[in-house]
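In what follows, a structure is listed as structure tokens, so that the remarks can point back to it.
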2 protein chains.
Amino acid sequence: MYRKHKPDFSFFRTLTFMLFEQFKSAFPQLKDKWDEYSTYLHRIEVPAKTVLLREGQISKKAFHIEKGCLRAWINKGGKDITFQFFFEKETISSAESFRKNIPSFVTIESVEPCILHWISKSDLVKIMNEAMEIPEIRASLIDGIFERHFNYTRQLVSFITQNPKERYLKLVKERPHIVLRVPQHYIASYLGITPVSLSRIRNSVS
Amino acid sequence: MYRKHKPDFSFFRTLTFMLFEQFKSAFPQLKDKWDEYSTYLHRIEVPAKTVLLREGQISKKAFHIEKGCLRAWINKGGKDITFQFFFEKETISSAESFRKNIPSFVTIESVEPCILHWISKSDLVKIMNEAMEIPEIRASLIDGIFERHFNYTRQLVSFITQNPKERYLKLVKERPHIVLRVPQHYIASYLGITPVSLSRIRNSVS
DNA sequence: GCCCACTCATGACCTTTGATAAAAAAAGTC
DNA sequence: GACTTTTTTTATCAAAGGTCATGAGTGGGC
């Protein structure tokens, strides 16, 4: 392997960084806009296992995580298969549903009690249209899309080239916070195996 | 499933469409540029099993396929695992290597004798910088990146939610040209299984 | 046309993972 | 702290897929 896992510096995460301090100094061009933009964000607190977007619905909100953990999962014949985990400072929406106004194939749900900030699609589009006019921000956003894409590609490569045990060890090594924080049966489905099988793998490792 | 497979209308494919007729009428703004741009493309013919980019090298060219078929594969402990197939009118590079100047984790190789057109990264960047100034083209390119990303996401979902037999049937249904044209053992590794296992699956289907 | 490399199918055998059930452990709830 | 619910482990058996070996097509190159 040529490189380590990089955090998911996605399109939306990039945006939310803009909204959440980090980019303010990098992009003083938008200085006057911050106050306006920040009114677009709506703070909510939700308990664990709260569904934020149901499979089949059309995603109209993006969520930024201040505190807690979310997961996106896919319904496969009644079973729930975790597709992605999201943690503090990450932003999540069902990207294809959000962008193309089609039904989402994932359900987005809280794993822990969370503090979230959501923004509506229409407000986000408004900000985007302004931000895209600024070359540095545009470049940064495009970079963000590519990074997100490369991360997903790596996850796909991992499925193609590694067996479940290798994938588990890779996860422990590269993203240990997931293993420490998330119930094991969610991790099992994320790795493409059953909870029973993951338990056996863990047993064989230690 | 909510939608059928869409062709990979990727970032680079979008670009090459621009260079190859289809976008000329859509973007008359670049009318004067077509002649110049077309000199950036270099036509080559290669026999089957020609390596166009070796794992570990840094990708400096993008290839457009006029005729033939390429595949990208990953070396896994001496075995070659097909990651993607590419056909006529598609454009291919090791995207992350090309964009970030890092060693490629895939090898790109011809499956059949091919007629290709390649463009250097520096020339492509030059075109990109000009094209990105035009809002319609910019929007189209960004759409292309997202579409590419969504396609890879679907492939990942397929690995997470489906077993090899289901993946094979899906491939036959949605991309039959691959099954008809490409040697079976390449398809087997693309599906994440051995040639023996694919042969058994085919037998059980018919 | 003949040869050789490539491709595919099949059988025997082995390993891994899944399905199911049940028990143990851990985490919440009141 | 006792009770409930959720999560994890263990055991057993079945099924899927991998490995290895063999033989039968197939097709291109000479």
*To the nearest 10°, let me know how far the axis at one end of the helix from dG1(C)-dC30(D) to dC30(C)-dG1(D) is tilted from the axis at the other, five pairs an end.*
50°
Detail all sub-3.5 Å separations between protein N/O atoms and N/O atoms belonging to nucleotides 24-30 of chain D.
none

*On the 0 to 90° scale, with breaks at 30° and 60°, tag the F87(B)-H177(B) ring pair as parallel, tilted or perpendicular.*
perpendicular
_T39(A): partners by side-chain hydrogen bond (donor to acceptor under 3.5 Å, both in side chains), with sequence neighbours left out_ = none
Between the protein and nucleotides 24-30 of chain C, which nitrogen or oxygen pairs are less than 3.5 angstrom apart?
none

*Could you write nucleotides 9-23 of chain D as a row of B, S and -, 5' to 3', where a protein heavy atom under 4.0 Å of any base atom gives B, of only sugar-phosphate atoms gives S, and otherwise -?*
BBBB----SBBB---
*For R202(B), enumerate each residue passing the side-chain hydrogen bond (donor to acceptor under 3.5 Å, both in side chains) test, keeping only those at least two apart in sequence or located in another chain.*
Y168(B), Q184(B)
_For atom OH of Y186(A) and atom C1' of dT8(D), their distance in whole Å_ = 14 Å
*State whether E96(A) and R154(B) are salt-bridged, where the test is any N-O pair (Lys NZ or Arg NE/NH1/NH2 against Asp/Glu carboxylate O) under 4.0 Å.*
yes
Let me have the donor-acceptor pairs involving side chains of residues 72-81 of chain A, under 3.5 Å, with sequence neighbours excluded, atom names and distances please.
unit_1: W73(A); atom_1: NE1; unit_2: E109(A); atom_2: OE1; d: 2.9
unit_1: N75(A); atom_1: OD1; unit_2: G78(A); atom_2: N; d: 3.0
unit_1: K76(A); atom_1: NZ; unit_2: T161(B); atom_2: O; d: 3.1
unit_1: K76(A); atom_1: NZ; unit_2: E166(B); atom_2: OE1; d: 3.2
unit_1: K76(A); atom_1: NZ; unit_2: E166(B); atom_2: OE2; d: 3.2
unit_1: D80(A); atom_1: OD1; unit_2: R71(A); atom_2: NH1; d: 3.0
unit_1: D80(A); atom_1: OD2; unit_2: R71(A); atom_2: NH2; d: 2.9

_Pairing residues for K60(A) by the salt bridge (Lys or Arg N to Asp or Glu O under 4.0 Å) criterion, not counting sequence neighbours_ = none
_Without decimals, in angstroms, what is the distance between L191(B) CG and dC8(C) P?_
13 Å
*Under the 3.5 angstrom rule, does the side chain of S59(A) hit a backbone N or O of S93(A) as a donor-acceptor pair?*
no
_If I take atom CD in residue E112(A) and atom C1' in nucleotide dT6(D), what distance separates them, rounded to the nearest angstrom?_
16 Å
*asked:* Show every side chain to side chain donor-acceptor pair (under 3.5 Å) that has at least one partner inside residues 41-50 of chain A, sequence neighbours left out.
replied: R43(A)-E45(A)
*Determine the minimum heavy-atom distance between I187(B) and L171(B), stating which atoms define it.*
CG2-CD2, 3.8 Å
*Verify the contact: side-chain N or O of H185(B) to OP1 or OP2 of dC8(C), cut-off strictly under 4.0 Å; return yes or no.*
yes
*Using the test salt bridge (Lys or Arg N to Asp or Glu O under 4.0 Å), find all partners of R181(B) that sit at least two apart in sequence or belong to another chain.*
E88(B), E112(B)
*By side-chain hydrogen bond (donor to acceptor under 3.5 Å, both in side chains) - contacts of K61(B) (at least two apart)*: none
*What residue pairs, at least two apart or across chains, pass salt bridge (Lys or Arg N to Asp or Glu O under 4.0 Å) with a residue in residues 187-198 of chain A?*
none
*Hey, is K100(A) close enough to E147(B) for a salt bridge, meaning N to O under 4.0 Å?*
yes
